[in-house]
Protein chains: 2
Amino acid sequence: MSDLLATGLSTAVQNKIEDLVLQGKLQGGDKLNEVELAELFGTSRGPIREACKGLVQAGLLTAVPNRGVFVRKMDVREALEVYDIRAFLDQLIGQLAATHGSDEQIQELWDIHARLDKAVRADDFEAYYPENLAFHEKLLEMTGSRRLTTMYLSLVKELHLFRRKGLIQQGSMDVSNAEHALILEAIAHRDPVKAGLAMRNHVMTAKQRLMTAIEVQSVSEQIAS
Amino acid sequence: MSDLLATGLSTAVQNKIEDLVLQGKLQGGDKLNEVELAELFGTSRGPIREACKGLVQAGLLTAVPNRGVFVRKMDVREALEVYDIRAFLDQLIGQLAATHGSDEQIQELWDIHARLDKAVRADDFEAYYPENLAFHEKLLEMTGSRRLTTMYLSLVKELHLFRRKGLIQQGSMDVSNAEHALILEAIAHRDPVKAGLAMRNHVMTAKQRLMTAIEVQSVSEQIAS
DNA sequence: AATCCATCAATTGTTGACAATTTACCACAA
DNA sequence: TTGTGGTAAATTGTCAACAATTGATGGATT
């Protein structure tokens with residue numbers, strides 16, 4: 001347990017369980033057994049229950065009285081709902097980043113963008129993925145709003161619940177990074193409105209990709225039946 | 001305990017403690033004693049700890065390892081930060097309400113607005129306050145987005161942490177309800193953009209009122225010293 | 001008087017045990 | 001075969017006791 005002393009045992013356990021959910025090792029609808037988890041982490045049930053309570057509040061688990069806690073099931077409708085909110089928050093993030101970001105931070109964005117571009121040309125998704133995360137985390141940092149950051153990250157985590165089999169979309173890196181360029185230019189020009197719209201557009205196209213992917217999957221399932 | 005069977009003991013306790021915080025009976029920085037709360041609610045410390053874990057995750061309490069949990073202290077900077085996010089979310093709420101709200105719901109908004117207007121003319125804040133809540137809750141309902149609703153309510157709860165002594169602003173009911181009228185008209189005309197901007201403006205003026213109130217308080221404190 | 005240090009009380013962290021409820025299993029009857 | 005009831009196992013909910021840490025008290029020393 002990494003942060004045992006820093007935040008206590010129950011929080012460490014909470015992060016561990018969260019990882020299990022986010023990595024998909026615990027999938028939507030799965031039941032969490034308290035004694036199983038307890039002996040897995042080498043603790044008693046007390047801290048496990050506290051950890052679960054936190055994850056329920058975070059929206060990653062759902063609790064049913066006298067029956068236990070389950071990994072939250074997210075259907076298509078909810079996922080799109082969350083995407084809409086996320087798109088809107090991203091717009092705000094773009095605006096704030098363009099307003100409050102320092103010149104150094106903007107330079108760091110350019111650096112990340114260069115590495116992203118390199119990954120695109122090499123068609124290397126493994127390299128693209130972490131840099132893409134870094135790009136968006138840097139933008140969050142530039143907003144200067146701690147509350148906005150936690151709220152946004154919470155939404156992103158929730159969206160991980162919607163990772164269905166066969167819906168991993170690792171194409172369209174080129175389009176994605178072209179959008180990054182538009183965002184970056186707007187921020188560099190200190191144009192909050194433009195930056196916000198570019199951010200919003202960036203998420204909405206991702207949502208569109210997801211929707212068509214779902215459509216394709218749904219159709220192919222229909223053919224199979 | 002009202003919802004004991006529905007959601008379990010720890011959740012009931014969590015709501016009780018949340019009420020204590022929201023009503024200001026527990027103020028920012030106050031320490032929560034587990035045994036005290038346990039005998040207050042007639043339970044053992046287990047459910048108390050679980051409840052606190054949930055409230056920490058919700059952002060109403062902060063936990064310090066080996067020292068306990070405290071009511072979260074929110075400074076001016078954080079409060080304004082939250083106001084900005086809330087204003088933005090309200091814009092989204094306005095857009096969605098104008099798009100997805102039913103004609104019946106719009107009629108209910110008119111009804112609430114009429115009662116608000118009556119309270120304004122009678123200068124009756126006690127009557128205005130609950131109807132104002134109802135107005136905004138109806139708008140939330142009209143969005144059709146459960147996630148947006150919980151997220152928004154969570155922010156509103158957080159803002160309660162910033163209730164300082166002498167900052168209760170119960171004036172400006174007339175301006176506030178005039179803004180309600182603008183929102184309502186835009187929604188009735190099914191104009192999402194206009195409705196969103198009216199909502200955003202509604203919160204921003206509230207933020208402005210808060211800022212000037214803080215300024216006044218700060219100045220008067222300086223005089224007193 | 002101020003500072004340090006030892007000791008003890010108070011509080012949090014964790015655990016194992018017990019109660020209550022749900023789930024699984026199996027015999028039995030229709 | 002299907003459905004039903006009942007009993008036992010498994011699991012969650014709650015509690016009280018113990019361990020570990022922190023905070024307070026009071027005297028000794030400078």
Side-chain angles (χ1 to χ4, degrees), chain A residues 1-21 25-73, chain B residues 1-21 25-73:
Chain A
M1 313 271 174
S2 52
D3 48 2
L4 205 159
L5 293 169
T7 55
L9 177 55
S10 69
T11 306
V13 169
Q14 180 171 337
N15 291 331
K16 289 271 185 189
I17 299 178
E18 183 181 285
D19 285 346
L20 290 179
V21 173
K25 294 179 182 176
L26 288 171
Q27 295 223 353
D30 284 0
K31 178 163 164 36
L32 276 72
N33 187 309
E34 291 180 3
V35 295
E36 250 178 44
L37 292 171
E39 57 192 40
L40 172 60
F41 296 125
T43 71
S44 67
R45 283 170 50 219
I48 302 289
R49 287 179 61 87
E50 292 176 18
C52 287
K53 191 82 185 180
L55 290 171
V56 167
Q57 195 74 33
L60 292 182
L61 303 180
T62 57
V64 181
N66 292 324
R67 302 210 24 207
V69 293
F70 304 80
V71 179
R72 178 176 163 202
K73 251 193 226 171
Chain B
M1 314 265 174
S2 51
D3 47 3
L4 204 160
L5 294 169
T7 57
L9 178 55
S10 69
T11 306
V13 169
Q14 180 171 336
N15 291 331
K16 290 270 185 190
I17 299 177
E18 184 181 282
D19 285 345
L20 290 179
V21 173
K25 295 180 182 176
L26 288 171
Q27 295 224 354
D30 284 358
K31 177 163 162 40
L32 277 70
N33 187 310
E34 291 180 3
V35 294
E36 251 179 42
L37 292 171
E39 56 193 41
L40 172 61
F41 297 125
T43 71
S44 69
R45 284 171 50 219
I48 302 290
R49 288 179 62 88
E50 293 176 18
C52 287
K53 191 81 185 181
L55 290 171
V56 167
Q57 194 75 34
L60 293 182
L61 303 179
T62 57
V64 181
N66 292 324
R67 301 208 30 206
V69 293
F70 304 81
V71 178
R72 179 177 162 202
K73 253 192 225 172

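Proteins come first, then strands; the chains are lettered A, B, ... in the order of their sequence lines, and each starts at number 1.
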To the nearest angstrom, the CD-C1' distance between B/Glu39 and D/dA16 comes to 14 Å
When the rotation axes relating C1' atoms of four end pairs to the next four are compared across the helix from C/dA1-D/dT30 to C/dA30-D/dT1, five pairs an end, they differ to 10° by 10°
Here the pair of heavy atoms bringing B/Leu32 nearest to B/Ile17 is CD2-CG2, 3.9 Å
Sorted by chain and number, sequence neighbours left out, side chain to side chain donor-acceptor pair (under 3.5 Å) with B/Lys73 holds for none
Between the CZ atom in B/Arg49 and the CZ atom in A/Arg49, the distance rounded to the nearest 0.5 Å is 13.0 Å
*asked:* Counting only heavy atoms from other residues, nucleotides and ligands, does the tally under 6.0 Å from NZ of B/Lys25 exceed 12?
replied: no
Sugar-phosphate only, base, or nothing, as touched by A/Gly46 at under 4.0 Å among non-hydrogen atoms = base
Which atom pairs link the protein and nucleotides 11-13 of chain D when you take only N or O atoms and keep those under 3.5 Å?
residue : atom : partner : partner atom : Å
D/dT11  : OP1  : A/Asn33 : ND2          : 3.2
D/dT12  : OP1  : A/Lys31 : NZ           : 2.7
D/dT12  : OP1  : A/Leu32 : O            : 3.2
D/dT12  : OP2  : A/Glu34 : N            : 3.4
D/dG13  : OP1  : A/Asn66 : N            : 3.1
D/dG13  : OP2  : A/Arg49 : NH1          : 2.6
D/dG13  : OP2  : A/Arg49 : NH2          : 3.4
D/dG13  : N7   : A/Arg45 : NH2          : 2.7
D/dG13  : O6   : A/Arg45 : NH1          : 3.1

Practice task
List the steps and the verdict of salt bridge (Lys or Arg N to Asp or Glu O under 4.0 Å) for A/Glu50 and B/Lys53.
Solution key: CA-CA 6 Å; A/Glu50 292 176 18; B/Lys53 191 81 185 181; 5.4 Å; no
Between A/Leu60 and A/Glu18 the two heavy atoms that sit nearest each other are CD1-CG, 3.7 Å
Minimal heavy-atom distance between B/Ser10 and B/Ala51, with the atoms involved, is O-CB, 3.5 Å
- prompt: Is the shortest distance from a Lys or Arg side-chain nitrogen in B/Glu34 or B/Arg45 to a carboxylate oxygen in the other one below 4.0 Å?
  reply: yes
A/Phe41 CZ to C/dT15 C1', in whole Å, measures 18 Å
B/Ile48 CD1 to D/dC15 C1', in whole Å, measures 13 Å
